[in-house]
There are 2 protein chains.
Amino acid sequence: MSDAHLPSVDRELRRQLARGAALPGPLPLPDHEQLWTALGDAVEGGKRLRPALLLSAHAALGGTRHEAAVQVGAALELLHTAFVVQDDVIDGDEVRRGVPSVPGGAAAQAARHGATPAGARRLGQAAGILAGDLGLITAMRTISRCEAPAPVVEGLLDLFETTLHATAAGELADVRLQLAPAADPAPLREVLAVAELKTALYSFQLPLRAGALLAEAPSEVHSALDEIGSLLGIGFQLVDDLLGTFGDAQRTGKSALGDLREGKRTALIAHASTTETWPALQSLLGRADLDDHDASRARDLLTACGSRAWVEDLAHWHLTSASEAALRHGLPAALSDALEATTAQILRGVELTLPGPAHPSAGTAPPRAKEDQPA
Amino acid sequence: MSDAHLPSVDRELRRQLARGAALPGPLPLPDHEQLWTALGDAVEGGKRLRPALLLSAHAALGGTRHEAAVQVGAALELLHTAFVVQDDVIDGDEVRRGVPSVPGGAAAQAARHGATPAGARRLGQAAGILAGDLGLITAMRTISRCEAPAPVVEGLLDLFETTLHATAAGELADVRLQLAPAADPAPLREVLAVAELKTALYSFQLPLRAGALLAEAPSEVHSALDEIGSLLGIGFQLVDDLLGTFGDAQRTGKSALGDLREGKRTALIAHASTTETWPALQSLLGRADLDDHDASRARDLLTACGSRAWVEDLAHWHLTSASEAALRHGLPAALSDALEATTAQILRGVELTLPGPAHPSAGTAPPRAKEDQPA
């Protein structure tokens, strides 16, 4: 990963945020300031994973448009922030990364000023939708102004637009997936298809291919990067699902009760529904009043029936296959090194934030394959 | 108005919709199809007011970039549709123009497939937010690809982006305005400021100035158009407020109970709150269970205390001042003619859809000034 260049991405983000703050003109416009500050704060919380991937791919493929890569990297971070903010509206999440989400923060502020709970919620939703709109537009504008020749910019905008269409479909598919009755778990195939559409495309394929476009890499590199991005993205989503159920809330910034209370359709649940543990587990899922004791019991069941180890294996397989695909397609060694570093970073996330199973039943779980591989 | 050219705008919209439908690739993606079809249906329902204004301004100012004007006009209709769709999410409106709104339609479909009411509402919100995002992005992309020289396109994108920032602030300000307790009506100044930010900028100033940019009109024309757009936009919003309370639901496509039930802060209410009728009226506003009889009584009170006539006068004044400003600034006669036609169209809306006061108390209302002027 070109982590060394991430300060340039942060500088570019600050430049875009300063530019946007001044756009409506010299008169103070408190509602604009609120939206824009909230978006800026949400940008602050990001890990710059997507710009780092873009910069790595661009450099590894011999690209020399460093300035444009930084600009497009900043645009991808803005796009990610816009998705996160609107996702929090859709999911009704009031906390993100351990601090109030954009809709949660705006709603809390309105409530402090005397709004009713319904009124505060509505203002929060409006703030999230509108801040997201401004983030999207700023991302697209940043790409359209980046310092690259017109045909390259055109290619980047095509990729951006296509990715947005597919990601929107993935986001809707994910909401739909979660609507099915708790008794009716989604098959793994569907869970993985949604992960690809909703996460892999914009978080992995888009940065990798944007780097390749800026480096003017040949078309076979693009198809290899699509395959790699899909593997990485699905692996990343599987790790995220593991963290959502087994993660340490102190480190992940989100409660490990949320997914269980929602009865969220993840690969964990898809696997568990095919085991004999399912009837016992099912009665615990999707209960809004699930307490810590029941959550612990659900985690124990998911561990005992092998679902946790199975999803960990599946995540490892996707992530390591991504690096292997880079070698198989003959991509430059610098790129497979960068992908291995990304994989290691994602897997490090698991080790850092997955506390070991808290109950003695953990002893009955199958061995956690590949857990000892170098990360 | 260049109504004769509106079929070209419809053709361009169909072209953009066909292009977007094909973007995610050859595999069927039902969630994308649903989002994109919903956006397309919402585009169908529009009146092309903004493209017509753009085409008129462009032609009247001697512009010859007809093709680009049609493309940017189509983009403004897409932008308007995106705002409408996301506005329906924010306001929880399930009906728009007499048919299900995008969130309302998606929620109803999910309910038919067995979703719980909360689940269906969530899916509807997601569909509205995401379809709006795609509309915004497509609008911006259509402008960035329009057939005009690069500096003109850059100017158009700057204008688009600036307008979007201010409109988002206006939308949030409007939601905030509606949160105040019913006993605390907003002053007229605030109602008009929100109307300018939320409506005038994107619906009037943006199309007029986009036409001027394409015609490469000098900067003094732009400041005149800003003044004109602000007057037209506020007048338009005032007419919309009148229709929201006194309109014929059969013709406006929205219930004339909604604004009263919400206790919406409009110029009507700002005026009424300064009259002796206010205590009697106030007790009827913001009641979710308001029935036809009470609504009739509220309308009678608004008529009797002179608020209706006063807002009608205020709307007329704004609309006619717009045409007068065009003359005063020495803009081409074709442009003032076009503005007068727009004004007449907006005022015709009032006459067509405002049934006369239904109760005898109407006789006590002040004379409806300017109502007999040629429209």
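Below, chains carry the letters A, B, ... as their sequence lines are ordered, and counting in each starts from 1. These values consider heavy atoms only, across backbone and side chains, with no hydrogens, waters or symmetry-generated copies.
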Heavy-atom proximity to chain A below 4.5 Å, by part of B:Ala110: side chain
Residue part contacting chain A, namely of B:Leu201, when any heavy atom lies under 4.5 Å: neither
Part of A:Ile137 within contact of chain B (heavy atom distance under 4.5 Å): both
Interface residue of largest heavy-atom contact number with chain A, from B:Leu197, B:Leu164, B:Ile90, under 4.5 Å: B:Ile90
Nearest heavy atoms of A:Ala168 and B:Leu130, plus distance in Å: O-CD1, 3.5 Å
To see if you've got the definition right, give the donor-acceptor pairs under 3.5 angstrom between chain B and chain A.
unit_1: B:Arg19; atom_1: NH1; unit_2: A:Glu161; atom_2: OE2; d: 3.3
unit_1: B:Arg19; atom_1: NH2; unit_2: A:Glu161; atom_2: OE1; d: 2.6
unit_1: B:Asp31; atom_1: OD1; unit_2: A:Arg176; atom_2: NE; d: 2.9
unit_1: B:Asp31; atom_1: OD1; unit_2: A:Arg176; atom_2: NH2; d: 2.8
unit_1: B:His32; atom_1: NE2; unit_2: A:His165; atom_2: ND1; d: 2.7
unit_1: B:Gln34; atom_1: OE1; unit_2: A:Arg176; atom_2: NH2; d: 2.5
unit_1: B:Gln86; atom_1: NE2; unit_2: A:Asp133; atom_2: OD1; d: 3.3
unit_1: B:Ile90; atom_1: O; unit_2: A:Arg122; atom_2: NE; d: 3.2
unit_1: B:Asp91; atom_1: OD1; unit_2: A:Arg122; atom_2: NH2; d: 2.7
unit_1: B:Arg122; atom_1: NE; unit_2: A:Ile90; atom_2: O; d: 3.2
unit_1: B:Arg122; atom_1: NH2; unit_2: A:Asp91; atom_2: OD1; d: 2.7
unit_1: B:Asp133; atom_1: OD1; unit_2: A:Gln86; atom_2: NE2; d: 3.3
unit_1: B:Arg141; atom_1: NE; unit_2: A:Glu161; atom_2: OE1; d: 3.0
unit_1: B:Arg141; atom_1: NH1; unit_2: A:Glu154; atom_2: OE2; d: 3.4
unit_1: B:Arg141; atom_1: NH2; unit_2: A:Glu154; atom_2: OE2; d: 3.3
unit_1: B:Arg141; atom_1: NH2; unit_2: A:Asp158; atom_2: OD1; d: 2.3
unit_1: B:Glu154; atom_1: OE2; unit_2: A:Arg141; atom_2: NH1; d: 3.4
unit_1: B:Glu154; atom_1: OE2; unit_2: A:Arg141; atom_2: NH2; d: 3.3
unit_1: B:Asp158; atom_1: OD1; unit_2: A:Arg141; atom_2: NH2; d: 2.3
unit_1: B:Glu161; atom_1: OE1; unit_2: A:Arg19; atom_2: NH2; d: 2.6
unit_1: B:Glu161; atom_1: OE1; unit_2: A:Arg141; atom_2: NE; d: 3.0
unit_1: B:Glu161; atom_1: OE2; unit_2: A:Arg19; atom_2: NH1; d: 3.3
unit_1: B:His165; atom_1: ND1; unit_2: A:His32; atom_2: NE2; d: 2.7
unit_1: B:Arg176; atom_1: NE; unit_2: A:Asp31; atom_2: OD1; d: 2.9
unit_1: B:Arg176; atom_1: NH2; unit_2: A:Asp31; atom_2: OD1; d: 2.8
unit_1: B:Arg176; atom_1: NH2; unit_2: A:Gln34; atom_2: OE1; d: 2.5

Nearest-0.5 Å distance, CG of residue A:Leu172 to CG of residue B:Leu35: 5.0 Å
Portion of B:Leu123 that has a non-hydrogen atom of chain A nearer than 4.5 angstrom: both
